[in-house]
J.: 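Okay, here's the structure, questions in a sec.
Throughout, a chain's letter reflects where its sequence line sits, starting with A, and its residues are numbered from 1.
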Protein chains: 2
Amino acid sequence: MTVTLKGLRAFSSVARLGSFTRAAGLLHITQPALTVQIRQLEAALGLRLLDRTPHGAEPTAAGRELARSLEPLLRELDQTVSSLQDLAARRRGAARLAALPSVASGLLPPAMARLRATHPELHVRLHEAVTGQIYEMVRAGQVDLGIATDLKPGGELTVDPLFRDQILALLPPDHPLAERKAIPLALLAGERLLLLEPDSSIRRLVDDAFAREGRMVTPAQEAVHSGTLVGMAQAGLGIALLPSTAAELRMAPELAARPLGPPGIHRMVGLVRRGGRSLPPAAEALAEALRAEAALLAPPPRRPPNPPLRRAARLSPPPRRAG
Amino acid sequence: MTVTLKGLRAFSSVARLGSFTRAAGLLHITQPALTVQIRQLEAALGLRLLDRTPHGAEPTAAGRELARSLEPLLRELDQTVSSLQDLAARRRGAARLAALPSVASGLLPPAMARLRATHPELHVRLHEAVTGQIYEMVRAGQVDLGIATDLKPGGELTVDPLFRDQILALLPPDHPLAERKAIPLALLAGERLLLLEPDSSIRRLVDDAFAREGRMVTPAQEAVHSGTLVGMAQAGLGIALLPSTAAELRMAPELAARPLGPPGIHRMVGLVRRGGRSLPPAAEALAEALRAEAALLAPPPRRPPNPPLRRAARLSPPPRRAG
DNA sequence: TCACGGTCATAAGGATCCACTATCGGGGTC
DNA sequence: GACCCCGATAGTGGATCCTTATGACCGTGA
């Protein structure tokens, strides 16, 4: 005894076609089922909506009124639903991403190209930031996804490993240290070092590594952008320390790039998201593209057998809440 | 696996209240039932709409988008439904009526007063016409209801008897014929007669009655409006023949009104509607008021035990199709 | 005039759906 | 650590809905 979407659609079809039988065919049900549907709708409204004639059915005044109001409503509802299904099918939507500058220049562009190939309608809204800011933006819901160093932040954030890269020293090929396959930190300490500013996660990584060997880092030059450091290294101003995945390394093919250590300086880069929250489909697609691109880096990152990011579109069983 | 109005309402409530439990209370179902409803909606859309948290539930990006589109849609639908229910409850609507002038001045006004007393929001749109036009307007759907003489029209029209009235002669009280209780047609034939124009059903009735007695009617004066004839009778211009229910008779209390015959001239006035078509609720209410008012006329009209006009609001069993 | 093809209505049976009760698992709080 | 609140799950009984089969009625054409 209640108004049903099915009943309204049924009525709309009958009113439009002027026939129970034909409308039943259109709705893929039998005519008796349609008759019952209409009767229930009429009972729910307390109104006769259709006059049955020997030639079919014809809306009453009330029926015409309902049909007129109903038509745009049903159309708009269908539009809303199909728009949401577009979103679910990743034919629409934007992923809001906060990423480290090194990843934004390195891993991200090919991942975006991959995304565009598979899901051409999806957009990426990129914010470049350092790890702390990235965590904060994910926590605040300003972005769906973050790419940052894996610092195991507490609270409501979840970080899934994406790839592991290492810090490389960028130096002139005729530099004495360039003869080595890897450059010990002890030997670097006396060199003129070109480093990112202290709020960068790479800089912190470098500082920590030197500190573990009991050394203080005193950079010859600091910069915000990796490209600046590469330019300085090209000009012979010193040795730049940059992550291996940063695209800026390719700016200067004439320079030698050497790993540090042993043991070297490594960092784990991960995908950051809010635990217990499902990712929007577009962000899910971007995450997949990023993981696929990261898998091409050797060695493949150690990852648990099941991808920690579940597909939001696969609804059963739903993801457990944040743990 | 389909989108349901119930499911959409359920989602809307949960999104608005931020809690399954509270929304379930609002919807008068239990929380597990609501959980299932939401799960089915999510499955139908292929999207996660709500993120479950320990404190309740919160819409995802898709959920917010749906909630935003859904709110006006549901409100408008509810409005449409309640507007139709107003119509069904006779709190709204207009009855389109075509009536004979004599009825429009006689029976109709008290019936409209009765209607206003019981259903103050209903309107009556009145067309005054002669019987042939009335039948045509009902047939064409220009009006919902007609009041005309019962000529047993064929086709798709149904006429239900409303009342029976007779033709009265209106004449000065000092006229010799006024001494009789009833005036035979034979005596009238020699008088100066004041008659309606030939397209009126009353005129045709009078003509036919005279013709059955082998006489031709030669009116001293013709008019379109009954009031004109009454005025002429008042002025001593002749004897006016008018139906007993016409309110214009009351214009001239100083004139004597006498029935004709025996056998007199009678007519049956009936409610005309399209067979197989249900009456709009407002027209149904008007018909009821008209029947109630007609029942006050003595003698009560002979009517079948069940009112031939069924109530459109009572849906089972529905009226059979046109016979 | 009678059979036929069309309409919608009705009835009965079976599958499906749905809401309820009872219970569980997890998180936060005192 | 013991509650309390949250949502998820399982199981069951009842309502719902669709299907097939059939009926009543109308209009048409042989």
Side-chain angles (χ1 to χ4, degrees), chain A residues 1-7 9-11 13-15 17-25 27-44 48-60 63 154-156 275-278 315-323, chain B residues 1-7 9-11 13-15 17-44 48-59 63 154-156 275-278 315-323:
Chain A
M1 205 61 173
T2 180
V3 175
T4 302
L5 202 52
K6 202 189 305 181
R9 285 192 203 281
F11 165 73
S13 293
V14 177
L17 297 181
S19 156
F20 278 65
T21 307
R22 267 179 292 160
L27 297 167
H28 302 110
I29 59 175
T30 58
Q31 169 263 316
L34 182 55
T35 291
V36 172
Q37 281 288 352
I38 297 293
R39 181 163 52 213
Q40 285 176 350
L41 178 63
E42 288 180 330
R48 175 147 291 255
L49 297 172
L50 293 164
D51 277 326
R52 282 72 162 175
T53 75
H55 319 296
E58 159 178 13
T60 63
E156 45 192 348
R277 297 290 195 288
S278 59
L315 286 167
S316 54
R320 302 295 300 167
R321 64 176 50 130
Chain B
M1 205 58 174
T2 179
V3 175
T4 303
L5 202 51
K6 202 188 308 185
R9 285 192 204 280
F11 165 72
S13 293
V14 177
L17 297 181
S19 157
F20 277 67
T21 306
R22 267 179 292 159
L26 194 79
L27 298 166
H28 302 110
I29 59 175
T30 58
Q31 169 262 316
L34 182 55
T35 292
V36 172
Q37 280 290 351
I38 297 294
R39 180 163 54 214
Q40 284 175 350
L41 178 63
E42 288 180 330
R48 173 149 290 255
L49 298 172
L50 293 164
D51 277 328
R52 282 71 162 174
T53 74
H55 319 296
E58 157 177 18
E156 44 192 346
R277 296 293 194 287
S278 59
L315 286 165
S316 56
R320 301 297 300 169
R321 61 178 53 134

J.: Starting the side chain at C-beta, find the nucleotide from C:dA22, C:dC8, D:dT20 nearest to B:P32.
T.: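 Within the option list, the nearest is C:dA22.
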
J.: Could you run down the sub-3.5 Å N/O contacts of the protein with nucleotides 14-18 of chain C?
T.:
unit_1: C:dC18; atom_1: OP2; unit_2: B:Q40; atom_2: OE1; d: 3.4
unit_1: C:dC18; atom_1: OP2; unit_2: B:Q40; atom_2: NE2; d: 3.1

J.: Any idea which of D:dG7, C:dT10, D:dG27 is nearest the A:R39 side chain?
T.: C:dT10

J.: Mapping B:L34 and A:A57 to their closest nucleotides on DNA chain C, which lands nearer the 5' end?
T.: A:A57

J.: Find the distance A:D51:CG to C:dT7:C1' and express it as a whole number of Å.
T.: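 About 15 Å, once rounded to whole Å.
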
J.: Nearest whole Å is fine: how far is D:dA15 P from B:I29 CD1?
T.: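 Rounded to the whole Å, the gap is 17 Å.
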
J.: Is a donor from one side chain sitting under 3.5 angstrom from an acceptor on the other, for B:S278 and A:D51?
T.: yes

J.: Look at all strands and tell whether B:T30 reaches a base, only sugar-phosphate, or nothing, counting heavy atoms closer than 4.0 Å.
T.: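 It contacts base atoms.
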
J.: Looking at B:T4 and B:K6, would you say the former's side chain and the latter's main chain have a donor-acceptor pair under 3.5 Å?
T.: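 Not confirmed, B:T4 side chain does not pair with B:K6 backbone.
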
J.: Per the side chain to side chain donor-acceptor pair (under 3.5 Å) rule, what does the pair list look like for residues 20-32 of chain B, sequence neighbours excluded?
T.: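 Listed once each, the pairs are B:Q31-B:T35.
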
J.: Give the rounded distance in Å between these two atoms: CD of B:Q31 and P of C:dC24.
T.: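 After rounding, the gap between these two atoms is 15 Å.
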
J.: Rounding to an integer number of Å, can you tell me how far A:E42 CD sits from C:dC8 P?
T.: 13 Å

J.: Rounded to the Å, how far apart are B:L50 CG and D:dC6 P?
T.: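 Atom-to-atom, B:L50 to D:dC6, this comes out as 16 Å.
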
J.: Return the nearest nucleotide to the side chain of A:T35; candidates are C:dT10, C:dC20, D:dG7.
T.: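 Out of C:dT10, C:dC20, D:dG7, the nucleotide with an atom closest to A:T35's side chain is C:dT10.
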
J.: Find the distance A:F20:CZ to C:dT10:P and express it as a whole number of Å.
T.: 11 Å

J.: Could you give the distance from CG (A:L49) to CZ (A:F11), rounded to the nearest 0.5 Å?
T.: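 The distance works out to 5.0 Å.
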
J.: Rounded to whole Å, how long is the line connecting atom NE2 of A:H28 with atom C1' of D:dT19?
T.: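 Taking NE2 of A:H28 and C1' of D:dT19, I get 16 Å after rounding.
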
J.: How many whole angstroms separate atom CZ of A:R22 from atom C1' of C:dG6?
T.: 11 Å

J.: Hey, could you give me the CZ/CZ distance between A:R39 and A:R48, rounded to the nearest 0.5 Å?
T.: 10.0 Å

J.: Quick check on D:dA8: is either OP1 or OP2 less than 4.0 Å from any side-chain nitrogen or oxygen of B:R52?
T.: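 So the side-chain polar atoms of B:R52 do come within 4.0 Å of the phosphate oxygens OP1 or OP2 of D:dA8, strictly under.
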
J.: From C-beta outward on B:T21, which listed nucleotide comes closest to its side chain: C:dC8, D:dT9, D:dC6?
T.: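 Looking only at heavy atoms from C-beta outward on B:T21, the closest nucleotide is D:dC6.
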
J.: Using the test side-chain hydrogen bond (donor to acceptor under 3.5 Å, both in side chains), find all partners of B:Q40 that sit at least two apart in sequence or belong to another chain.
T.: none

J.: Once side-chain contact (heavy atoms from CB on, under 4.5 Å) is applied, do any residues pair with B:A10, and if so which ones, sequence neighbours excluded?
T.: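 B:L27, B:L34, B:Q37, B:I38.
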
